[in-house]
K.L.:
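Structure incoming, see below.
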There are 2 protein chains.
Amino acid sequence: MYNYMKRNSRLSVALHVLLHMAEQADKALTSDVLASWAATNPVVIRRTFAGLRDAGIVGSTKGHGGGWTLLKPLDAVSLADIQAALDEPLLALGKAEESPGCLVELAVNAALDDAVAEARRLLDERLSKITLADLAAQIGPRRVVLQAAGCKDPHHEP
Amino acid sequence: MYNYMKRNSRLSVALHVLLHMAEQADKALTSDVLASWAATNPVVIRRTFAGLRDAGIVGSTKGHGGGWTLLKPLDAVSLADIQAALDEPLLALGKAEESPGCLVELAVNAALDDAVAEARRLLDERLSKITLADLAAQIGPRRVVLQAAGCKDPHHEP
DNA sequence: TTTCATGTAATTATACATGTTACGTGATGG
DNA sequence: CCATCACGTAACATGTATAATTACATGAAA
């Protein structure tokens, strides 16, 4: 009966962690390590990354030395890919189905759905043009600059 | 620390009620009546419509025979106007401010904010081109057709 | 002055996402 | 093999945002 816009910290968390992973490429990293980067819980990481694994963006291995690894080069993964891999989100504006027979409600929903769908298309198109490599490129240089200026690396480990 | 996408039943409720008001133009309608149309509580109507009143879209009078009235012609009120009049809304994607010093987080937020801001601009532009009159025009003819076909008016009153 | 209706503050209820705990499964290494 | 490690999930707890409700104040009309 109601329409909710879903929350979204998933995308933010996923991007954050993926970029940090890129800095330690090829090492299998445990959920605990990733969780500490995102200041969250290992289980949350496993839940969030399940979608990314299904999409082939990351892989996971069990047992000793196991963990998560990036499977694709940074420039082959767009923000839209990640967004799509995380089950459901951004710009949802579910339809209210109260008064199911009401013509007014139908017209209102149709108009709103159209407008939101178009906005969502635009957003998706935008996100599909930004890759993890783009974000990494923004970060790399600045970190060097900051470190040269005497700032310590603003990472998360103790 | 979290970013939420706000719910949005306000806009849907407001549109629904405004269009029904248009059908009974010039009569002051009480919050109770409006609430019954939207299947919600009178207080919710008063809260929601407070913004519309401040924006000059509707007016309210107290006491006997009081209630709410539409102050503008239907073609002078766009969905964007209504959206803006309801305090806060559509397509928010608040920023996560966890790890405030983290460059990764900063880059992620910047990219996301840009994309969402553009989507929001598009949506607002779209909504500004749809007026209440447009929606009413979609409804009127169909109602006649349905009634001619023997369907009873799908309204909300008992 | 009684009644009606809005205006708000304060409280409660609901929905949903994240956080947490617990336990199952498979892989590795001694 | 068997103990350990790490993911995979289900079940439950917590947090937060919003709507729904209650209660009472304010002002207008009969």
Side-chain angles (χ1 to χ4, degrees), chain A residues 1-14 16-17 21 27-54 58-69 71 86-90 92-98, chain B residues 1-14 16-17 21 27-54 58-69 71 86-94 96-98:
Chain A
M1 157 158 188
Y2 299 101
N3 34 0
Y4 295 90
M5 300 183 76
K6 296 259 174 92
R7 287 181 201 180
N8 147 298
S9 61
R10 306 268 270 270
L11 178 59
S12 178
V13 165
H16 191 150
V17 170
M21 285 177 74
K27 269 181 35 180
L29 298 162
T30 68
S31 303
D32 289 79
V33 172
L34 305 192
S36 73
W37 288 344
T40 185
N41 193 288
V43 178
V44 173
I45 295 292
R46 291 199 275 265
R47 266 199 307 239
T48 303
F49 272 51
L52 300 178
R53 186 192 53 224
D54 296 343
V58 300
S60 62
T61 56
K62 295 179 172 181
H64 282 272
W68 300 89
T69 48
L71 294 182
L86 308 171
D87 48 26
E88 226 266 56
L90 230 43
L93 170 59
K95 44 209 59 177
E97 33 188 338
E98 44 170 329
Chain B
M1 156 159 191
Y2 300 101
N3 33 2
Y4 295 90
M5 300 185 75
K6 295 264 175 86
R7 286 181 201 177
N8 145 299
S9 61
R10 304 267 270 269
L11 178 59
S12 178
V13 165
H16 190 152
V17 171
M21 285 176 73
K27 270 182 34 179
L29 298 161
T30 69
S31 301
D32 289 79
V33 172
L34 305 191
S36 73
W37 288 343
T40 185
N41 194 289
V43 177
V44 173
I45 296 293
R46 291 199 275 266
R47 266 200 307 243
T48 303
F49 272 50
L52 300 178
R53 187 192 52 222
D54 296 344
V58 299
S60 63
T61 56
K62 295 180 173 179
H64 282 273
W68 299 88
T69 47
L71 294 183
L86 309 171
D87 47 24
E88 228 265 59
L90 230 44
L91 296 219
L93 171 58
E97 35 188 335
E98 44 170 331

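The structure presented is a predicted model; accordingly, all values stated were derived computationally and were not measured.
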K.L.:
What pair of heavy atoms forms the shortest contact from A:Leu34 to A:Met21, and how long is it?
P.N.:
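Of all heavy-atom pairs spanning A:Leu34 and A:Met21, the closest is CD2-CG, 3.8 Å.
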K.L.:
To the nearest Å, give me how far apart CG (A:Leu52) and P (D:dC7) are.
P.N.:
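Distance check: A:Leu52 CG to D:dC7 P gives 14 Å.
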K.L.:
Examine C:dA5: is either OP1 or OP2 under 4.0 Å from a nitrogen or oxygen in the side chain of B:Thr61? Give yes or no.
P.N.:
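No, because none of the side-chain N or O atoms of B:Thr61 sits under 4.0 Å from OP1 or OP2 of C:dA5.
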K.L.:
Would you kindly give the NE2-to-C1' distance between B:His64 and C:dT6, to the nearest whole Å?
P.N.:
13 Å
K.L.:
Any side-chain N or O of B:Ser60 less than 4.0 Å from the OP1 or OP2 oxygen of C:dT6?
P.N.:
no
K.L.:
Would you indicate which nucleotide in C:dT25, C:dG7, C:dT20 comes nearest to any side-chain atom of A:Lys62?
P.N.:
C:dT25
K.L.:
Give the nucleotide from the list D:dG8, C:dG7, D:dA20 with an atom nearest to the side chain of B:Asn41.
P.N.:
D:dA20
K.L.:
Quick check on DNA chain D: between A:Val43 and A:Trp68, whose nearest nucleotide comes earlier from the 5' end?
P.N.:
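First, find each residue's nearest nucleotide; the 5'-ward one identifies A:Trp68.
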K.L.:
Quick one: is D:dG8 close enough that its OP1 or OP2 comes under 4.0 Å of any side-chain N or O from A:Arg46?
P.N.:
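For D:dG8, neither OP1 nor OP2 has a side-chain N or O of A:Arg46 closer than 4.0 Å.
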K.L.:
Give the rounded distance in Å between these two atoms: CZ of B:Arg47 and P of D:dA20.
P.N.:
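Going from CZ in B:Arg47 over to P in D:dA20 covers 8 Å.
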K.L.:
Between B:Asp32 (CG) and C:dC4 (C1'), how many Å, whole number?
P.N.:
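Going from B:Asp32 (CG) to C:dC4 (C1'), I get 10 Å.
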K.L.:
Hey, does A:Leu29 reach any base, or is it just sugar-phosphate, or nothing, if we go heavy atoms under 4.0 Å?
P.N.:
sugar-phosphate
K.L.:
Return the nearest nucleotide to the side chain of A:Val44; candidates are C:dG19, D:dT21, D:dT9.
P.N.:
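Closest nucleotide among those given: C:dG19.
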K.L.:
Report the distance from atom CZ of A:Arg10 to atom C1' of C:dT18, rounded to the nearest whole Å.
P.N.:
9 Å
K.L.:
Which of the following nucleotides, C:dA5, D:dC7, D:dT21, is nearest to the side chain of B:Thr30?
P.N.:
C:dA5
K.L.:
Can you check whether B:His16 reaches B:Val13 side chain to side chain, under 4.5 Å on heavy atoms?
P.N.:
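Heavy-atom side-chain distance check fails, nothing below 4.5 Å.
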K.L.:
From A:Leu29 CG over to A:Ile45 CD1, what is the distance, rounded to the nearest 0.5 angstrom?
P.N.:
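Interatomic distance, A:Leu29 CG to A:Ile45 CD1, rounded to 0.5 Å: 11.0 Å.
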K.L.:
Could you tell me how far apart A:Ile45 (CD1) and D:dG8 (C1') are, to the nearest whole angstrom?
P.N.:
15 Å
K.L.:
Using heavy-atom distances to pick each residue's nearest nucleotide on DNA chain C, tell me which of A:Gly63 and A:Thr40 is more 5'.
P.N.:
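Its nearest nucleotide being more 5', the pick is A:Thr40.
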K.L.:
Write down the atom of B:Leu52, the atom of B:Ala14, and the distance for their closest heavy-atom approach.
P.N.:
CD1-CB, 4.3 Å
K.L.:
In the structure I gave you, are the side-chain heavy atoms of A:Phe49 and A:Val17 within less than 4.5 Å of one another anywhere?
P.N.:
yes
K.L.:
Without decimals, in angstroms, what is the distance between B:Lys27 NZ and C:dA5 P?
P.N.:
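Rounded to the whole Å, the gap is 12 Å.
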